[in-house]
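Note sheet for the following structure.
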Amino acid sequence: FSAEDMHHVTKIIHQNLVRVYDFGVFKKHIYLVSEFYAGVTLNHFYFKSFRIDMIYDIIVKICYALNALHNQNILHLDLKPGNILYILKGKSVDLKVLDYGLLRSDINEDQQTITGTLPYIAPEIISKKKFDKRSDFYSLGVILYKISTGILPFTTNEIIDFRRGK
């Protein structure tokens, strides 16, 4: 990523995104200086039937965050519960998405390489095919499945077998 691209990320302000204030490079590694948000990761969210409205709020707020990124031609591509922080406020939830901005959606197809977290990665990424904004929504679907059922739709081994063509 160029300094211009990273500078662009620092200009994105949205209530459901952790704000990136600055960035730098240290020994060929990009680092970000971002807003502190005292939430817990969505890994710690457990479904209970009375939380159905809360699940709706969580998914909608993640959609708002993705929309803000996608409107700037930025893909998340590592959307997972560990990259979503939330705070319960009575019956409502405050939420922020983090670790975004390291891939633009308008780069050439031959430049598209990405790593992500199994089992939240979209199949087209695993298959090393062209990916786009829809890949983030696949990850969101896996998150919805996980927080609604308590389990993942596919095991890591099933995903690895898919990758191998089994």
Side-chain angles (χ1 to χ4, degrees), residues 1-2 4-24 29-47 51-107 112-126 131-154 156 159:
F1 249 79
S2 70
E4 181 179 327
D5 291 333
M6 291 307 299
H7 183 71
H8 180 71
V9 170
T10 66
K11 300 300 179 196
I12 299 172
I13 300 171
H14 189 274
Q15 65 186 11
N16 299 120
L17 292 170
V18 167
R19 174 100 191 262
V20 175
Y21 293 113
D22 202 1
F23 63 93
H29 296 282
I30 297 172
Y31 67 87
L32 305 174
V33 178
S34 65
E35 156 189 18
F36 173 76
Y37 185 74
V40 295
T41 68
L42 205 53
N43 288 323
H44 300 286
F45 183 88
Y46 297 102
F47 176 75
R51 287 188 163 179
I52 197 74
D53 289 340
M54 200 173 293
I55 289 175
Y56 172 80
D57 287 343
I58 288 169
I59 297 304
V60 167
K61 289 177 181 180
I62 296 169
C63 285
Y64 288 151
L66 289 176
N67 185 58
L69 292 175
H70 294 167
N71 282 339
Q72 298 297 317
N73 292 322
I74 294 173
L75 303 177
H76 193 293
L77 296 181
D78 195 21
L79 192 63
K80 59 186 177 184
N83 284 340
I84 301 165
L85 300 174
Y86 76 99
I87 298 172
L88 294 178
K89 294 183 175 182
K91 291 186 177 185
S92 68
V93 62
D94 190 30
L95 175 143
K96 292 198 183 248
V97 174
L98 62 141
D99 284 351
Y100 61 87
L102 298 179
L103 189 69
R104 292 177 52 112
S105 63
D106 57 354
I107 61 174
Q112 288 188 341
T113 58
I114 189 70
T115 60
T117 304
L118 289 176
Y120 299 95
I121 300 173
E124 59 273 16
I125 297 171
I126 294 168
F131 50 83
D132 57 29
K133 298 171 185 179
R134 295 172 290 186
S135 304
D136 282 339
F137 288 103
Y138 175 90
S139 300
L140 179 59
V142 175
I143 291 168
L144 173 59
Y145 190 95
K146 172 79 166 113
I147 66 175
S148 298
T149 66
I151 60 172
L152 291 163
F154 305 103
T156 301
I159 295 168

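Heavy atoms only: backbone and side chains are in, while hydrogens, waters and symmetry mates are out.
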Is the shortest side-chain heavy-atom distance between [X] and [Y] below 4.5 Å?
X	Y	value
Val9	Tyr100	yes
Ile151	Lys146	no
Leu77	Phe131	yes
Asn73	His8	no
Ile55	Ser148	yes
Leu66	Leu79	yes
Tyr120	Ile143	yes
Ile58	Leu42	yes

Testing the basics here: between [X] and [Y], what is the closest heavy-atom pair and its distance to 0.1 Å?
X	Y	value
Ala65	Leu17	CB-CD2, 3.6 Å
Val40	His44	CB-CD2, 4.3 Å
Gly39	Leu85	O-CD2, 3.9 Å
Pro81	Thr41	O-CB, 3.6 Å
Pro153	Val142	CD-CG1, 3.9 Å
Ile159	Leu118	CG2-CD2, 3.3 Å

Supply the atom-to-atom distance [X] [atom1] to [Y] [atom2], rounded to the nearest 0.5 angstrom.
X	Y	atom1	atom2	answer
Tyr64	Ile59	OH	CD1	13.0 Å
Asn67	Lys133	CG	NZ	8.5 Å
Asp136	Ile62	CG	CD1	11.0 Å
Ile147	Met54	CD1	CE	10.5 Å
Ser139	Arg134	OG	CZ	13.5 Å

Parallel, tilted or perpendicular: ring planes of Phe45 versus Tyr86, cut at 30 and 60 degrees: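 Perpendicular.
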Judged by atom type as modelled, is there a donor-acceptor pair below 3.5 Å linking the side chain of [X] to the main-chain atoms of [Y]?
X	Y	answer
Asp99	Asn83	no
Ser135	Asp132	yes
Asp22	Val33	no
Arg19	Thr10	yes

Does Glu35 pair with Lys96 as a salt bridge, N-O distance under 4.0 Å?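 A salt bridge links Glu35 with Lys96.
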Salt bridge flag under 4.0 Å for residues Lys80 and Asp78: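 Yes, charged N to carboxylate O under 4.0 Å.
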Under 3.5 Å side-chain donor-acceptor pair for Asp94 and Tyr37: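 Checked: Asp94/Tyr37 side chains pair up, N/O donor to acceptor below 3.5 Å.
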Go through the steps to decide whether Phe137 and His70 satisfy the test ring-ring contact (aromatic ring centres under 6.0 Å, His included), and finish with yes or no. CA-CA 11 Å; Phe137 288 103; His70 294 167; 5.5 Å; yes
Applying side-chain contact (heavy atoms from CB on, under 4.5 Å) to Leu98 and Ser34, what does each step give before you reach the verdict? CA-CA 9 Å; Leu98 62 141; Ser34 65; over 6 Å; no
